[in-house]
Structure formats: structure tokens, C-alpha cells
Amino acid sequence: MDEFSTQEVERLEKAADLLFQAEDRLPVLKTINWSRQVAEDFFRNDAKELPKPDYTPIDPAPSYEQVQAARALIDGSSPVHEWLGRIADQTERTAAMLSSLGTKAFYDLSCALYGSPTTPIADGKHTGLDLAKRLDSLLSEFDLGTLRLEAPPRLTADELKKELDRLLPEHFGRMHQR
């Protein structure tokens with residue numbers, strides 16, 4: 001790859017800074033987080049009906065402006081230029097998603113950004129839903145009826161020595177004893 005001129009490096013650094021600022025205004029998890037009361041009500045009602053939280057949509061205009069300013073600085077076809085272009089695309093989608101809270105557009109944009117439960121993951125064979133089902137099946141073996149929450153036995157040094165003297169020959173033969 002050809003080296004970038006000092007001016008190109010400065011332009012790309014400025015573009016990256018603008019994209020960071022645009023993205024920094026878009027706190028996804030904080031914006032979509034349910035209040036404690038909404039979550040408590042949801043679980044108190046056995047999670048039978050989705051809650052209707054009050055979301056405050058994000059104004060996307062400042063982020064869009066910063067992305068546009070960054071795009072004006074990203075003029076090239078190197079891997080760095082392409083990467084910054086992808087960051088710009090993702091930042092615009094995130095701004096659009098957060099400005100459409102509570103609508104079908106929010107779901108569509110979140111699927112475009114993050115995938116859906118049925119979107120293949122990195123291995124190309126499994127989905128997030130497959131992994132969730134597998135994890136559920138593994139963890140379901142540990143329901144409250146099968147868990148033993150007994151305190152571990154406490155042994156004195158002499159009791160531990162006797163126990164080790166009894167168990168170690170099973171694994172190492174008599175060679176461990178002196």
C-alpha cells in the first residue's frame with residue numbers, strides 16, 4: 001500500500017474524529033433501556049405482555065451533519081478509506097434507528113446493523129437463536145430442583161492428608177508415598 005501524504009493523514013484523522021463525535025451522540029443501550037419500574041412491572045406480570053416504555057428518540061441531525069463532513073474528507077479507495085466509509089454508514093444507520101424508536105423502522109434498522117435472531121453468525125452455520133436455544137438447554141439442567149447449594153466440606157490438615165493418602169494411589173499408584 002502506498003504511504004499517505006501528511007495532508008491525507010490529517011484529513012483521515014479529522015474524518016475519524018468527526019465520526020467518533022457523531023457516534024458518541026448515539027448511546028444505543030442507554031436510549032433503549034427500560035426504566036426500573038417498567039422492568040419490574042414486566043416481570044411481575046410473568047413477562048406475558050411486552051411493556052410500552054416511554055422512549056426519547058434521538059435527534060439524528062447533528063450526527064448526520066458530522067457524518068457528511070467526515071464523508072467529504074474520505075476521498076480515496078484504500079482500506080482505511082473503505083473502513084471509514086463503513087463506519088460512516090453504520091453511524092448513519094444508528095442515528096436513523098434511534099430516531100425511529102417505537103416504530104417498525106427501528107426493528108428494520110436494528111436488523112441491518114446487528115442482524116436478527118435468525119441471521120447466521122461468523123461460522124455461517126449457526127444463528128444467534130441456535131446459540132440461545134443450546135445455552136437454554138444446557139442451563140435448564142441446573143434448575144432449582146437439581147442444584148445443591150450445600151457448603152463444601154471443611155477438613156483439617158490431618159483429615160485432608162488422610163483423604164489424599166486414600167485417593168492419590170487410585171490415580172498415581174503407590175509411587176507418591178514415601
Side-chain angles (χ1 to χ4, degrees), residues 11-75 78-152:
R11 285 176 359 129
L12 294 173
E13 285 176 347
K14 177 65 176 167
D17 187 49
L18 286 165
L19 291 172
F20 176 78
Q21 291 172 32
E23 195 175 63
D24 198 42
R25 297 189 69 263
L26 306 170
V28 174
L29 295 178
K30 183 179 176 184
T31 303
I32 64 172
N33 189 31
W34 296 346
S35 70
R36 179 175 299 279
Q37 186 62 51
V38 168
E40 286 174 1
D41 291 346
F42 176 68
F43 291 112
R44 187 178 311 110
N45 294 318
D46 297 321
K48 291 180 181 173
E49 184 179 325
L50 285 177
K52 295 174 179 60
D54 290 322
Y55 293 120
T56 304
I58 299 289
D59 176 12
S63 289
Y64 288 152
E65 290 169 10
Q66 289 171 314
V67 169
Q68 287 311 107
R71 284 191 192 280
L73 299 170
I74 305 168
D75 183 26
S78 76
V80 174
H81 293 86
E82 292 169 9
W83 176 72
L84 288 171
R86 287 192 306 273
I87 297 296
D89 293 342
Q90 290 174 339
T91 303
E92 284 178 330
R93 279 193 204 108
T94 303
M97 180 184 74
L98 292 179
S99 69
S100 66
L101 283 164
T103 70
K104 173 136 176 23
F106 177 87
Y107 172 78
D108 294 338
L109 289 161
S110 70
C111 287
L113 280 164
Y114 307 116
S116 74
T118 58
T119 301
I121 58 172
D123 70 358
K125 298 175 187 174
H126 298 93
T127 67
L129 184 58
D130 294 332
L131 294 177
K133 287 178 179 178
R134 176 74 173 130
L135 184 60
D136 183 57
S137 73
L138 291 171
L139 294 178
S140 67
E141 296 176 16
F142 298 103
D143 66 12
L144 293 177
T146 61
L147 285 179
R148 288 190 198 142
L149 300 176
E150 302 162 0

Of all heavy-atom pairs between [X] and [Y], which one has the smallest distance, and what is that distance?
X: Leu113; Y: Gln90; result: CD2-O, 3.7 Å
X: Leu109; Y: Ala96; result: CD1-C, 3.6 Å
X: Ile87; Y: Leu19; result: CG2-CD1, 4.0 Å

Query raised in the report: Taking only residues two or more places apart in sequence or in another chain, which ones pass salt bridge (charged side-chain N to carboxylate O under 4.0 Å, His left out) with Asp130?
Result: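 Salt bridge (charged side-chain N to carboxylate O under 4.0 Å, His left out) list for Asp130, sorted by chain: empty.
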Query raised in the report: Does Lys30 have any salt bridge (charged side-chain N to carboxylate O under 4.0 Å, His left out) partners at least two apart in sequence or in another chain, and if so, which?
Result: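 With neighbours one apart ignored, the set is empty.
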Heavy-atom side-chain proximity of [X] to [Y] below 4.5 angstrom:
X: Leu84; Y: Leu12; value: yes
X: Thr91; Y: Leu26; value: yes
X: Val28; Y: Met97; value: yes

Query - Side-chain donor or acceptor of Asp123 paired with backbone N/O of Lys125 under 3.5 Å - result: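 Answer holds: yes.
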Query - Backbone of Ala61 reached by a side-chain donor or acceptor of Asp59 within 3.5 Å - result: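 Yes; at least one donor-acceptor contact below 3.5 Å.
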Please tabulate, for side-chain N and O atoms in residues 34-43, each donor-acceptor pair with protein atoms closer than 3.5 Å (sequence neighbours left out).
residue: Trp34; atom: NE1; partner: Tyr55; partner atom: OH; Å: 3.3
residue: Ser35; atom: OG; partner: Val38; partner atom: N; Å: 3.2
residue: Gln37; atom: NE2; partner: Asp41; partner atom: OD1; Å: 2.7
residue: Gln37; atom: NE2; partner: Asp41; partner atom: OD2; Å: 3.4
residue: Asp41; atom: OD1; partner: Arg44; partner atom: NH1; Å: 2.7

Got a second to check how far [X]'s [atom1] is from [Y]'s [atom2], nearest 0.5 Å?
X: Asp17; Y: Asp24; atom1: CG; atom2: CG; value: 10.5 Å
X: Leu101; Y: Ile32; atom1: CG; atom2: CD1; value: 8.0 Å
X: Asp136; Y: Lys133; atom1: CG; atom2: NZ; value: 10.0 Å
X: Thr31; Y: Ile58; atom1: OG1; atom2: CD1; value: 4.0 Å

Query - Any residue meeting side chain to side chain donor-acceptor pair (under 3.5 Å) with Thr118, in chain and number order, not counting sequence neighbours - result: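 Residues passing side chain to side chain donor-acceptor pair (under 3.5 Å) with Thr118: Ser116.
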Validation: residues 63-74 side-chain donor-acceptor distances under 3.5 Å, sequence neighbours left out:
residue: Ser63; atom: OG; partner: Ala22; partner atom: O; Å: 2.9
residue: Ser63; atom: OG; partner: Arg25; partner atom: NH1; Å: 3.4
residue: Gln66; atom: OE1; partner: Ala22; partner atom: N; Å: 3.3
residue: Gln66; atom: NE2; partner: Gln21; partner atom: OE1; Å: 3.2
residue: Arg71; atom: NH1; partner: Asp89; partner atom: OD1; Å: 3.3
residue: Arg71; atom: NH2; partner: Asp89; partner atom: OD1; Å: 2.5
residue: Arg71; atom: NH2; partner: Glu92; partner atom: OE1; Å: 2.8

Requested in this report: Using the ring-ring contact (aromatic ring centres under 6.0 Å, His included) rule, collect all pairs that involve residues 97-137, keeping only residues at least two apart or in two chains.
Outcome: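 Sorted result for residues 97-137: empty, none.
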Query - Flag if over 12 foreign heavy atoms under 6.0 Å of CG, Asp75 - result: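 Incorrect, the count does not exceed 12.
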